[in-house]
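The structure under discussion appears below in the form of structure tokens.
Residue numbering restarts at 1 for every chain, and letters A, B, ... go by the order of the sequence lines.
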Amino acid sequence: MKSLFSALAGFLRRLGAPVSGALIGLGQGTRFLFAMLAASGTCLRRPGLVVREMYFVGVLSLIIIVVSALFVGMVLGLQMYETLQRFGSGDVVGMVVALALVRELGPVLAALLIASRAGSALTAEIGLMKTTEQLSAMEMMAIQPLSRVVAPRFWAGFLSVPLLTSVFNVVGIYGGYLVAVEGLGVDAGTFWSQMQNAVDFRLDVVNGIIKSLFFGAAIMLIAVYQGYQAAPTAAGVAMATTQTVVRSALIILGMDFVLTAFMFTGMGS
Amino acid sequence: MKRQTLDLWVGVLVALGIAATVFLSLQVANISNIGGGPVYTVYAEFENVGGLKVRAPVKSAGVIVGRVSDIRYDGELHKAVVAVALDANYEFSTDSSMSILTSGLLGEQYIGMQSGSDTEMLQEDDVVWLTSSALVLENMIGQFLFSKASEDSASGSAKQE
């Protein structure tokens with residue numbers, strides 16, 4: 001039996017270092033997740049830690065979220081109106097903008113922006129703390145870095161992402177309103193009533209929030225894990241920061257497809 | 001940074017997020033559309049449901065009174081059987097009729113319901129007998145061309161005589 005297992009392990013190893021490396025990384029990530037969840041009790045006892053990180057992750061991301069959302073909404077309104085007008089149904093532009101934002105663009109773009117604005121900063125911060133041996137110093141003082149440094153940042157990001165996504169959706173819809181109603185002359189009443197007819201609270205709004213919760217957990221886990229695992233050198237921190245943005249983007253887009261397939265396919269035919 | 005300033009800004013973020021969610025649920029989505037109220041299900045057989053979809057509205061006199069909950073094909077009748085969940089607040093007579101209509105020229109399809117004159121009311125699992133199918137554009141064009149052609153040939157033969 002033992003030889004069978006070792007033969008199997010040998011076979012997996014010969015598949016190539018990249019494959020086994022990726023699997024080991026996945027295993028380590030899972031172990032890291034559980035260790036961090038187990039160390040999260042401190043966040044409940046000292047909510048000040050989470051609030052402080054929410055300032056850096058959430059509040060400082062507000063400006064980029066609001067500005068991007070405004071422009072995304074305006075572009076959506078402009079493009080959709082141009083196209084819909086060809087079919088003589090420019091009036092439904094409000095519905096199209098709202099559905100596109102609430103279902104897809106809001107959660108995805110907000111998560112991408114937060115991953116590049118806040119996730120990379122988290123990785124660099126934790127990576128530098130490791131490089132300058134602050135984490136080791138904490139351990140020497142019997143303070144768990146996982147519960148004092150990593151978990152508060154994770155939970156702060158996890159809580160901030162849905163809030164920022166909602167802000168993104170509303171500002172985006174307002175951007176669409178500006179272009180369609182103020183700029184192109186769609187009737188304001190039609191704009192809102194078409195939107196209300198088409199957007200379902202549970203199917204669209206709640207599903208969008210659920211999406212953003214998944215994205216928030218994924219990008220924050222990647223960010224803190226990359227920082228915690230970074231090689232303690234300048235090059236190591238640089239690479240970890242890059243990896244955070246690349247992997248977050250890939251995970252967000254991949255998860256978005258899977259979640260959309262789960263949530264919205266029942267609605268067609 | 002002072003702790004109070006931090007708390008203030010995080011409070012602003014949370015308040016904005018919650019306000020945005022409330023705005024989304026009240027202004028963007030129609031929260032009264034959740035439809036958690038009690039319903040009863042009736043069935044209707046159609047020759048052709050056209051583009052009717054599950055969750056399509058059922059309207060009587062233009063007011064939404066229910067939603068299509070299921071559409072399936074009955075192999076014995078060779079008809080489509082549509083399950084309709086009607087709001088329990090509304091009652092319809094057993095001789096009600098249902099027809100598949102289109103909102104606007106190319107809009108979504110919905111079921112139009114018209115109550116009859118019977119004193120008995122529809123109950124759970126009842127079947128609506130009076131139905132009329134969706135209008136299929138190709139069939140309409142075909143019928144139009146056919147009637148036009150027969151008209152032409154009729155007038156043509158009349159001329160010859």
Side-chain angles (χ1 to χ4, degrees), chain A residues 47-48 50-62 65-66 69 87-89 91-92 94-95 97-99 101-102 106 156 159-174 177 192-193 195-206 208-209 212 266-269, chain B residues 1-37 48-57 59 62-64 67-73 80 82 102-110 134:
Chain A
V50 181
V51 170
R52 187 175 168 278
E53 295 308 325
M54 268 181 92
Y55 177 79
F56 290 110
V57 175
V59 177
L60 294 184
S61 303
L62 255 180
I65 288 283
V66 168
F87 306 103
S89 44
D91 284 345
V92 298
M95 168 191 113
V97 169
L99 277 183
L101 276 169
V102 172
L159 293 175
S160 300
V161 172
L163 294 173
L164 290 169
T165 302
S166 280
V167 173
F168 190 99
N169 286 339
V170 170
V171 176
I173 288 168
Y174 182 67
Y177 173 86
W192 292 114
S193 69
M195 193 183 293
Q196 286 172 355
N197 273 341
V199 179
D200 187 279
F201 176 73
R202 206 195 62 73
L203 273 173
D204 298 321
V205 177
V206 174
I209 294 172
S212 71
M267 291 175 66
S269 70
Chain B
M1 188 175 283
K2 265 173 52 188
R3 185 163 167 185
Q4 248 183 336
T5 329
L6 272 177
D7 285 356
L8 174 71
W9 277 109
V10 174
V12 168
L13 170 72
V14 174
L16 271 180
I18 291 172
T21 313
V22 170
F23 178 83
L24 281 179
S25 27
L26 292 183
Q27 177 73 30
V28 175
N30 205 343
I31 202 157
S32 58
N33 263 356
I34 297 178
N48 191 332
V49 292
L52 192 73
K53 295 204 167 87
V54 172
R55 285 188 44 78
K59 295 182 186 176
V63 180
I64 297 180
R67 290 201 178 271
V68 173
S69 57
D70 185 37
I71 301 172
R72 53 170 207 281
Y73 181 70
V82 175
T102 310
S103 56
L105 191 58
L106 296 167
E108 56 165 358
Q109 291 193 302
Y110 66 97

Verify side chain to side chain contact (heavy atoms under 4.5 Å, CB included) between B/Leu16 and A/Leu163, making sure each step is shown before the conclusion. CA-CA 8 Å; B/Leu16 271 180; A/Leu163 294 173; over 6 Å; no
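- If you take CZ on B/Phe23 and OH on A/Tyr174, they are separated by 10.0 Å, rounding to the nearest 0.5 Å.
- Atom OG of B/Ser25 and atom CD1 of A/Ile209 lie 7.5 Å apart (nearest 0.5 Å).
- Evaluation of the side-chain contact (heavy atoms from CB on, under 4.5 Å) rule for A/Val97 yields A/Leu76, A/Val93, A/Leu101 as partners, not counting sequence neighbours.
- Between chain B and the residues A/Val167, A/Ile173, A/Val170, A/Val206, the most heavy-atom pairs under 4.5 angstrom are made by A/Val170.
- In this structure, the separation between OG1 on B/Thr21 and CG on A/Asn169 is 8.5 Å, given to the nearest 0.5 Å.
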Would A/Val51 and B/Asp7 count as a side chain to side chain contact (heavy atoms under 4.5 Å, CB included) here? Give the steps. CA-CA 7 Å; A/Val51 170; B/Asp7 285 356; 3.3 Å; yes
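- Here A/Glu53 contributes atom CD and B/Leu6 contributes atom CG; the two are 9.5 Å apart, rounded to the nearest 0.5 Å.
- Contacts between A/Val205 and chain B at a heavy-atom distance below 4.5 Å involve the side chain alone, from C-beta outward.
- Heavy-atom distances place no part of A/Leu159 under 4.5 Å from chain B, backbone and side chain included.
- Annotation: the span from A/Tyr55 atom OH to B/Leu13 atom CG amounts to 11.5 Å, rounded to 0.5 Å.
- Only the side chain of A/Val102 comes within contact range of chain B, with heavy atoms under 4.5 Å apart.
- Each of B/Gly17, B/Gly11, B/Ala19 has some count of heavy-atom pairs under 4.5 Å with chain A, and the biggest count is that of B/Gly17.
- More than 12 non-hydrogen atoms from other residues, nucleotides or ligands lie less than 6.0 angstrom from CH2 of A/Trp192.
- Between the CD atom of A/Gln196 and the CG atom of B/Leu26 there is a distance of 9.5 Å, given to the nearest 0.5 Å.
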